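One structure is given below, encoded as structure tokens.
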Amino acid sequence: MVRVRFAPSPTGTLHIGGVRTALYNYLLARQTGGQFILRIEDTDQTRFVPGAEEYIIEALRWVGLVPDEGVGFGGEYGPYRQSDRKAIYHQYAMELLERGHAYYAFDTPEELETKRAEIENFTYNCHTRNGLRNSLALSEAEVKALLEQGVPAVIRLKIEPGQRIVIQDLIRGEVQFQSDLLDDKVLLKADGMPTYHLANIVDDHLMKISHVIRGEEWLSSTAHHVLLYRGLGWEDTMPVFAHLPLILKPVGDGKLSKRDGAKFGFPVFPLSWDSEKEEERAMGFREAGFLPEAVVNFLALLGWHPEDEQEIFSMEQLIQAFSLEKINKGGARFDYEKAKWFNQKYIQSTDNKTLAQLMWPYVKAHEYDVCEEYLEQVAALMKERVTFIQDFVGQGQYLFETVATYDMEALSKKWKSSLAPVFERWIAAYEAAQEGTSIEQEEVFKAFVAEQGVKPGEMLPLLRLALAGTMKGPGVFELAATLGKEETLLRLNNFLKFCLTIETA
RNA sequence: GCCUCGUUCGUCUAGGGGUUAGGACGCAUCCCUUUCACGGAUGAAACACGGGUUCGAUUCCCGUACGGGGUACCA
């Protein structure tokens with residue numbers, strides 16, 4: 001049975017890389033009929049951010065990665081929040097102590113900091129621990145006394161030298177480590193909370209996790225994790241590991257960071273994050289006008305590739321096609337242009353009704369008084385030419401409010417005073433004609449220009465400017481049909497008036 | 001520094017001992033369209049470097065360079 005988990009820490013917003021990790025976990029679970037679990041790793045009380053947990057859950061829901069078990073979703077292996085499992089970790093820390101795989105250490109963080117400053121490459125390990133303040137170096141009586149006095153102590157993993165640790169990573173193959181080079185990691189902190197390493201191993205074991213799919217930043221510490229499984233006698237049921245390549249900055253060195261969002265002007269989070277502090281605020285893909293399906297598709301292909309050359313994948317198709325073996329080893333640069341392309345593709349293939357729904361927040365923000373049916377028409381008119389949801393009302397502003405300004409460059413090129421009477425007669429002809437479809441209107445127009453002896457190319461740009469103010473946009477008669485006869489006539493008259501004013505000025 | 005992972009067009013990637021090194025984004029040109037897009041076509045654009053192994057290496061091996069990650073009582 002495949003059981004995978006996504007285990008973020010609630011220290012703020014969920015990074016887009018985290019969303020991809022969650023996605024890969026989810027895909028494997030769905031593909032195999034297994035479970036996808038959300039575990040909250042809040043063992044660092046100093047970094048806890050209120051609201052972060054809710055943010056994570058909302059973000060997962062938005063992209064459609066709904067957990068089967070976990071914080072907010074129930075399940076038989078709870079609690080799923082690590083701060084609620086303190087006693088469990090304590091118990092296993094004591095067990096490791098008894099088995100001789102761990103020891104008490106009394107060195108204060110300050111002392112260790114000094115050591116690191118004094119001694120180059122200082123590591124708390126088998127070579128140095130005898131010179132430090134711990135239950136391996138101190139006498140039994142001293143240790144007992146220190147513990148009884150309540151001197152702050154941590155529990156560290158005792159790593160035996162001379163061992164070779166071999167990890168079979170599903171993505172990277174065999175990775176080896178020498179135990180002599182590993183440090184004696186803290187397992188239980190002085191505040192009684194476990195570190196990631198202990199909590200992670202205990203929970204993965206207790207929650208019967210079969211596959212650990214996580215970012216590459218964890219590859220190094222996997223050696224410690226294996227040793228922990230060994231020390232607890234759980235090595236035979238140890239999960240298999242798959243370390244994902246990281247998502248890198250679009251330009252420059254290093255992994256994608258929160259700052260890059262602000263720096264390059266694109267989102268690096270699924271949802272926006274509000275904060276009183278300016279520097280903590282962040283834009284989300286959702287608020288930037290992305291469809292969740294597009295974000296999922298984009299993320300899926302950042303580090304993974306299917307058997308064939310298909311690019312557009314629904315979640316169902318991803319579930320079918322996904323495989324851990326096809327995940328790349330090298331880091332992938334975040335490519336916002338590609339993300340935009342996916343969004344555009346998804347908007348094009350989304351039905352008008354759904355698009356209309358998605359437009360509402362932006363329509364309301366502008367207090368436009370329109371009905372649902374009208375928004376569906378807007379969707380039909382604009383979906384081939386927008387990238388983001390808000391482009392419908394942004395780029396299509398003239399569909400919601402009267403034209404206030406005209407593209408003067410285009411106007412001066414196309415307007416000739418000799419056309420004024422023709423334009424005037426067109427208004428009359430349009431008014432007299434039946435209100436028809438865009439095609440019927442075009443027929444009327446063609447007959448009109450033929451009769452007047454003017455080229456369509458002389459009149460059409462002017463009509464466009466009259467209705468939209470800009471040279472860009474949907475077909476003139478489609479626009480007119482959507483706007484309606486009354487509004488179209490109003491705009492035509494306004495335009496004529498404007499042109500005549502300009503002329504006399 | 002030490003440990004560890006990686007390196008194919010600008011970017012995401014396919015491929016793999018003999019290929020015109022394939023696709024996608026972006027870019028350019030053209031077609032469609034009396035707008036803008038969409039769509040279609042075409043084009044420019046890559047195997048980090050040096051040694052091996054081999055008849056032959058971009059592919060396998062070893063180095064080097066460059067990049068990532070780790071090196072916390074953070075995850």
Side-chain angles (χ1 to χ4, degrees), chain A residues 7-11 18 41-44 46-47 82 105 107-109 112-113 116 120-124 152-156 167 169 171-173 175-178 180-183 185-197 199-200 214-223 243 245-251 253-255 298 301-312 326 328-342 344-345 348 382-387 395 407 410 414 455-461 463-465 468 470-476 479:
Chain A
S9 60
T11 52
E41 309 220 328
D42 57 345
T43 55
D44 186 354
T46 64
R47 295 207 305 162
Q82 290 186 330
D107 321 83
T108 65
L112 294 174
E113 219 167 283
R116 286 189 191 99
E120 215 177 322
N121 303 336
F122 172 79
T123 312
Y124 207 121
V154 299
I155 294 177
R156 281 181 183 271
I167 297 154
D169 189 279
I171 294 167
R172 281 147 216 288
V175 183
Q176 297 199 20
F177 295 90
Q178 288 297 327
D180 303 63
L181 277 349
L182 267 30
D183 63 322
K185 286 238 180 293
V186 170
L187 300 176
L188 208 66
K189 303 182 240 185
D191 67 358
M193 277 296 218
T195 57
Y196 171 86
H197 309 289
N200 192 260
R214 72 223 308 189
E216 197 190 351
E217 68 265 33
W218 297 110
L219 187 56
S220 303
S221 47
T222 305
H243 288 95
L246 265 17
I247 297 178
L248 276 17
K249 290 179 194 296
V251 292
D253 296 339
K255 63 176 175 178
F298 164 65
L301 259 25
L302 212 56
W304 170 82
H305 198 275
E307 297 281 348
D308 56 16
E309 283 175 340
Q310 187 177 343
E311 292 237 71
I312 302 294
K326 297 285 280 181
N328 277 64
K329 296 183 181 79
R333 277 190 198 278
F334 181 89
D335 183 2
Y336 190 54
E337 290 306 317
K338 190 89 181 223
K340 275 157 65 176
W341 176 77
F342 274 113
Q344 196 185 330
K345 280 288 188 191
Q348 279 173 33
M382 300 297 288
K383 69 198 285 186
E384 301 277 288
R385 45 203 113 223
V386 302
T387 304
Q395 275 182 36
D407 177 346
K414 294 292 177 184
K455 287 184 202 145
E458 291 180 275
M459 280 296 282
L460 229 29
L463 296 184
R464 171 176 300 287
L465 282 172
T470 162
M471 289 305 290
K472 299 176 184 175
V476 170
L479 185 53

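In the text below, chain A, chain B and the rest are named by the order of the sequence lines, each starting its count at 1. Everything numeric here is computed off the predicted structure, so don't read it as measured data.
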- Note on the structure: Between CD1 of Ile312(A) and P of C12(B) the distance, given in whole Å, is 18 Å
- Task: Take atom NZ of Lys472(A) and atom C1' of U34(B), then tell me their distance rounded to the nearest Å.
- Result: 18 Å
Show me the protein contacts with nucleotides 38-48 of chain B, counting only N or O atoms at under 3.5 Å.
{"unit_1": "C38(B)", "atom_1": "OP1", "unit_2": "Gln344(A)", "atom_2": "NE2", "d": "3.3"}
{"unit_1": "C38(B)", "atom_1": "O4'", "unit_2": "Glu384(A)", "atom_2": "O", "d": "3.4"}
{"unit_1": "C38(B)", "atom_1": "O2'", "unit_2": "Glu384(A)", "atom_2": "OE1", "d": "2.5"}
{"unit_1": "G39(B)", "atom_1": "OP1", "unit_2": "Lys345(A)", "atom_2": "NZ", "d": "2.8"}

- Message: If you go through the side-chain atoms of Arg464(A), does one of them form a donor-acceptor pair with the base of U35(B) closer than 3.5 Å?
- Response: yes
- Query: Base, sugar-phosphate alone, or nothing: which one does Pro456(A) contact when heavy atoms must sit under 4.0 Å apart?
  - Reply: base
- Could you work out the separation of C47(B) and C38(B) based on their P atoms and round it to a whole Å? 31 Å
- Message: Over all strands shown, is Glu309(A) touching base, sugar-phosphate only, or nothing at heavy-atom distances under 4.0 angstrom?
- Response: base
- Task: With sequence neighbours left out, write down each residue that passes ring-ring contact (aromatic ring centres under 6.0 Å, His included) with His305(A), or none if nothing qualifies.
- Result: none
- With a 4.0 Å cut-off on heavy atoms, is Gln176(A) in touch with a base, just the backbone sugar-phosphate, or nothing at all? sugar-phosphate
- Query: Taking the six-membered ring for Trp, are Phe334(A) and Phe298(A) ring centroids under 6.0 Å apart?
  - Reply: yes
- Message: Distance check, rounded to the nearest 0.5 Å: Ser220(A) atom OG versus Leu181(A) atom CG?
- Response: 11.5 Å
- Can you tell me if Arg214(A) and His243(A) form a side-chain donor-acceptor pair at under 3.5 Å? yes
- Query: Counting only heavy atoms not in Glu113(A), do more than 12 sit closer than 6.0 Å to its CD atom?
  - Reply: no
- Query: Mapping Gly331(A) and Leu181(A) onto RNA chain B by nearest heavy atom, which one lands closer to the 5' end?
  - Reply: Leu181(A)
- Query: Just wondering, are more than 12 heavy atoms of other shown residues or ligands nearer than 6.0 Å to NZ in Lys414(A)?
  - Reply: no
- Looking only at heavy atoms, the pair that brings Leu182(A) and Ala223(A) closest together is CD2-CB, 3.7 Å
- Message: Let's test this: given Watson-Crick or G-U wobble pairing with both distances under 3.5 Å, identify the partner of C27(B).
- Response: G43(B)
- Query: When you match Lys338(A) and Arg172(A) each to their closest nucleotide on RNA chain B, which lands nearer the 5' end?
  - Reply: Arg172(A)
- Without swapping roles, check the side chain of Ser221(A) against the backbone of Leu219(A) for a donor-acceptor pair under 3.5 Å. no
- Pick the C1' atom in C12(B) and in G50(B), then give their distance to the nearest Å. 29 Å
- Item | Between G23(B) (P) and His305(A) (NE2): distance, integer Å | 12 Å
- Message: Without decimals, in angstroms, what is the distance between Phe298(A) CZ and U11(B) C1'?
- Response: 10 Å
- Answer for the Watson-Crick or wobble partner of A72(B), both distances under 3.5 Å, is none
- To the nearest 0.5 Å, what is the distance between OG1 (Thr387(A)) and CD (Gln395(A))? 7.0 Å
- Item | Interatomic distance, Asp169(A) CG vs G6(B) C1' [rounded to whole Å] | 13 Å
- Atom-pair distance (OH on Tyr336(A); P on G26(B)), nearest Å: 13 Å
- Item | Whole-Å P distance, G22(B) and A14(B) | 15 Å
- Message: Taking the P atom in each of U11(B) and C27(B), what is the distance between them to the nearest angstrom?
- Response: 16 Å
- Message: So Gly473(A), base contact, sugar-phosphate only, or nothing? Heavy-atom distance under 4.0 Å.
- Response: base
- Using purine N1 to pyrimidine N3 plus N6-O4 or O6-N4 for Watson-Crick, or N1-O2 and O6-N3 for G-U wobble, both under 3.5 Å, which nucleotide pairs with G67(B)? C5(B)
- Message: By the 4.0 Å heavy-atom rule, please label Phe177(A) as base, sugar-phosphate, or nothing.
- Response: sugar-phosphate
- For nucleotides 68-75 of chain B, read 5' to 3', which letter fits each nucleotide if B means a protein heavy atom sits under 4.0 Å from the base, S means only the sugar-phosphate is that close, and - means neither? BBS-SBBB
- Query: Is the distance from OP1 or OP2 of C3(B) to the nearest side-chain N or O of Asn121(A) less than 4.0 Å?
  - Reply: no
- Decide if atom CD of Glu120(A) counts as having more than 12 heavy atoms of other residues, nucleotides or ligands within a radius under 6.0 Å. no
- Side chain of Val175(A) only, please: which of U4(B), U35(B), G23(B) is the nearest? U4(B)
- Query: Is the closest side-chain donor-acceptor distance between Asp107(A) and Tyr124(A) under 3.5 Å?
  - Reply: yes
- For Lys249(A), which contact category applies under a 4.0 Å heavy-atom criterion: base, sugar-phosphate, or nothing? nothing
- Query: What is the base-pairing partner of C38(B), counting Watson-Crick and G-U wobble geometry with both distances under 3.5 Å?
  - Reply: none
- Task: Pick the C1' atom in A21(B) and in A46(B), then give their distance to the nearest Å.
- Result: 9 Å
- Given the P atoms of G10(B) and G6(B), what is the spacing between them in whole Å? 23 Å
- Message: Under the criterion salt bridge (charged side-chain N to carboxylate O under 4.0 Å, His left out), I'd like the reasoning laid out for Lys255(A) against Glu216(A): C-alpha separation, chi angles, the key distance, then a yes or no.
- Response: CA-CA 11 Å; Lys255(A) 63 176 175 178; Glu216(A) 197 190 351; over 6 Å; no
- Query: How long is the line joining CD of Glu458(A) and C1' of U34(B), in whole Å?
  - Reply: 11 Å
- Message: Between U54(B) and U59(B), how far apart are the two P atoms, rounded to whole Å?
- Response: 16 Å
- Report the distance from atom CZ of Arg333(A) to atom C1' of G26(B), rounded to the nearest whole Å. 15 Å
- Distance, P atom - from G26(B) to C2(B), rounded to whole angstrom: 44 Å
- Query: Paired with U53(B): which nucleotide, if any, by Watson-Crick or G-U wobble criteria at under 3.5 Å for both distances?
  - Reply: none
